Undergrad: 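Here it is: the structure, laid out below.
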There are 2 protein chains.
Amino acid sequence: MMTIAEAVFAERGYAATSMDEIADRVGVSKPMIYEYFGSKEGLLVACIRQVRTELREQTAQSVIGARSPEEALRNGLVAFFRFTDDHRRSWELLLRTETAVVGPAAVAEIETARQEQIQLHIALFSAYMPDADEQSLEAAAEILVGACERLSVWYVRHDDVTPEQAAEHIMRMTWFGLQGEVTQQDDHPQ
Amino acid sequence: MMTIAEAVFAERGYAATSMDEIADRVGVSKPMIYEYFGSKEGLLVACIRQVRTELREQTAQSVIGARSPEEALRNGLVAFFRFTDDHRRSWELLLRTETAVVGPAAVAEIETARQEQIQLHIALFSAYMPDADEQSLEAAAEILVGACERLSVWYVRHDDVTPEQAAEHIMRMTWFGLQGEVTQQDDHPQ
DNA sequence: ATAGTAGGTTACTTCAAGTAGGAAACGGTA
DNA sequence: TACCGTTTCCTACTTGAAGTAACCTACTAT
């Protein structure tokens, strides 16, 4: 039942999906769904929760037995991207809720904004990292944009943090990781 | 007119806002808004586009005149977080569209999922970075989660990339930046 | 056999997006 | 000044989907 709802949400988008349609596909009547989930949003929440649990379990599983923090982190990351592959639909729902919820035009607009920013970063990086392949540059730019977006959410919850400090947090994590690539002679310690 | 729409969207949330309400507040009738923007989503797109333009201009401005890539990046980041401060409302719309669009329960669910992940990372980090302050740990965890989310979007668009490669991209950018903090004796080059 | 209940359905209400058709103001012409 | 076309905007409707009320069927216990 939630499986079907999840599929329909991912397929049509949350807003474009009617409860009648879900009820139809499930082969049950609408009030039944309201009986179980209370509302359309309740159904969405239930779907999200299920996916979330699954993701958490899979990544947690992958980390146990790691012998170093580096290994733990890498294992977790690999598990995360594997999950993306295996549950493409669910992933849409959990990590791209905006896409599932708002119409396609608005999503396109936001995605365009991001891509602009990303292209700008790629241009900046590539000037100083001539040896890096295109894929790494793209990935680096995406990571940077994701980091900014997420940290800005954190940032607004912390009135005591200055813009300079927030920027510094990102610099510490990304730049000094990048710098090894820029110089090309300063290989990563360990 | 878009100013008002933006404010109402940010205040009530996109879904919870009716076109009648916006029309009322603007002091014009509903068909007028449809004349200009075509649909509710069209209005949202227009608002997003405006904010996006402003953000792009402000960050672009901040970068010119930088003497090194590091300086350029830092300036851009600072400008970005300043923008967050100055345009709290607009920022909601552009960077937290999911929040503005879906109901509060679903947002809470997703945010909880993220926080779980973040707490996990904080625990992992803090074991190896005893000297780091709480704020830095939090920021690092948020950045990592943001990086994962964003890169996963990129990842699904690239069928030729393996989960291991995606994980490696994140490791390169974040871990080798973090490692300087872990060892505490290996100060950042330059 | 019958009363009560669990589980489900049909058919309604309500509310908001989007639209059609008309009123009013304005501008040009005699 | 009176009249007609055009533009501009609003009132009032249609449509569609979320959520609900009232009813119906089948099963169980006395």
Side-chain angles (χ1 to χ4, degrees), chain A residues 1-51 89 92-94 96-110, chain B residues 1-51 89 92-94 96-110:
Chain A
M1 179 152 171
M2 278 167 49
T3 312
I4 293 177
E6 200 180 300
V8 181
F9 280 154
E11 184 183 313
R12 290 247 198 293
Y14 174 77
T17 303
S18 80
M19 293 298 265
D20 287 291
E21 181 173 351
I22 294 174
D24 262 20
R25 284 222 215 172
V26 174
V28 82
S29 74
K30 202 160 46 137
M32 275 298 92
I33 299 181
Y34 279 91
E35 180 70 24
Y36 288 126
F37 301 102
S39 69
K40 191 181 181 183
E41 192 180 354
L43 177 56
L44 178 64
V45 167
C47 291
I48 293 174
R49 183 166 297 165
Q50 191 181 16
V51 179
R89 286 244 167 98
E92 280 283 338
L93 210 56
L94 185 61
R96 284 175 65 81
T97 312
E98 57 182 42
T99 305
V101 160
V102 80
V107 174
E109 187 62 34
I110 295 172
Chain B
M1 178 150 171
M2 277 166 49
T3 312
I4 291 176
E6 200 181 300
V8 182
F9 281 154
E11 183 183 314
R12 290 247 199 292
Y14 175 77
T17 303
S18 80
M19 293 297 266
D20 288 290
E21 180 173 353
I22 294 174
D24 262 20
R25 284 223 214 173
V26 175
V28 83
S29 75
K30 202 160 48 139
M32 277 297 94
I33 299 181
Y34 279 91
E35 181 70 22
Y36 288 124
F37 301 103
S39 69
K40 191 182 182 183
E41 191 180 357
L43 178 55
L44 178 64
V45 168
C47 291
I48 292 174
R49 184 166 297 165
Q50 191 180 17
V51 179
R89 285 243 169 100
E92 280 281 338
L93 210 56
L94 185 61
R96 286 175 63 83
T97 312
E98 57 183 43
T99 306
V101 160
V102 80
V107 173
E109 187 62 33
I110 296 172

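Each chain gets a letter, A, B and so on, in the order its sequence line appears, and its residues count up from 1. All of these numbers come straight from a predicted model, not from anything done at the bench.
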Undergrad: Going by salt bridge (charged side-chain N to carboxylate O under 4.0 Å, His left out), name the pairs with one or both residues in residues 13-29 of chain B, residues two or more places apart or in two chains.
TA: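 Those involving residues 13-29 of chain B are B:Glu11-B:Arg25, B:Arg12-B:Glu21, B:Asp20-B:Lys30, B:Glu21-B:Arg25.
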Undergrad: Counting primed atoms plus P, OP1 and OP2 as sugar-phosphate and everything else as base, spell out the protein contacts along nucleotides 11-24 of chain C at 4.0 Å heavy-atom distance: B, S or - for each nucleotide, 5' to 3'.
TA: -----SBBBB----
Undergrad: Return the OG1 to CD1 distance between A:Thr17 and A:Ile22, rounded to the nearest 0.5 Å.
TA: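 With rounding to 0.5 Å, OG1 (A:Thr17) is 6.0 Å from CD1 (A:Ile22).
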Undergrad: Please answer whether the main-chain N or O of A:Glu41 pairs with a side-chain N or O of A:Tyr14 as donor and acceptor at a distance below 3.5 Å.
TA: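 Checking the backbone N and O of A:Glu41 against the side chain of A:Tyr14, a donor-acceptor pair under 3.5 Å is found.
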Undergrad: Write down the distance between CG (A:Leu44) and C1' (D:dA18), rounded to a whole number of angstrom.
TA: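 My rounded result for the distance is 15 Å.
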Undergrad: Quick check: do B:Thr97 and A:Val107 have side-chain heavy atoms less than 4.5 Å from each other?
TA: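 They are not in contact (no side-chain heavy atoms under 4.5 Å apart), so the answer is no.
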Undergrad: I need the CD-P distance between A:Glu35 and D:dA21, as an integer number of Å.
TA: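 After rounding, the reported distance stands at 13 Å.
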Undergrad: Specify the separation, in whole Å, of atom CD of A:Glu21 and atom P of D:dG16.
TA: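 Atom-to-atom, A:Glu21 to D:dG16, this comes out as 14 Å.
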Undergrad: Provide, to the nearest angstrom, the distance between the CD1 atom belonging to A:Ile22 and the C1' atom belonging to D:dG16.
TA: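 Result: 16 Å.
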Undergrad: Without decimals, in angstroms, what is the distance between A:Asp24 CG and D:dG16 P?
TA: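 After rounding, the reported distance stands at 16 Å.
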Undergrad: Which value, rounded to the nearest 0.5 Å, describes the distance between B:Lys40 atom NZ and B:Met19 atom CE?
TA: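 The distance works out to 7.5 Å.
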Undergrad: Could you grab the distance from atom CG of A:Leu44 to atom CD of A:Glu6, nearest 0.5 Å is fine?
TA: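 Reported value, rounded in 0.5 Å steps: 10.0 Å.
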Undergrad: Can you tell me how far C1' of D:dT20 sits from CD1 of A:Ile33, to the nearest Å?
TA: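 Taking atom C1' of D:dT20 as the reference, CD1 of A:Ile33 is at 15 Å.
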Undergrad: Measure the distance from OH on A:Tyr36 to C1' on D:dT20 and round it to the nearest whole Å.
TA: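 The distance from OH of A:Tyr36 to C1' of D:dT20 comes to 18 Å, rounded to the nearest Å.
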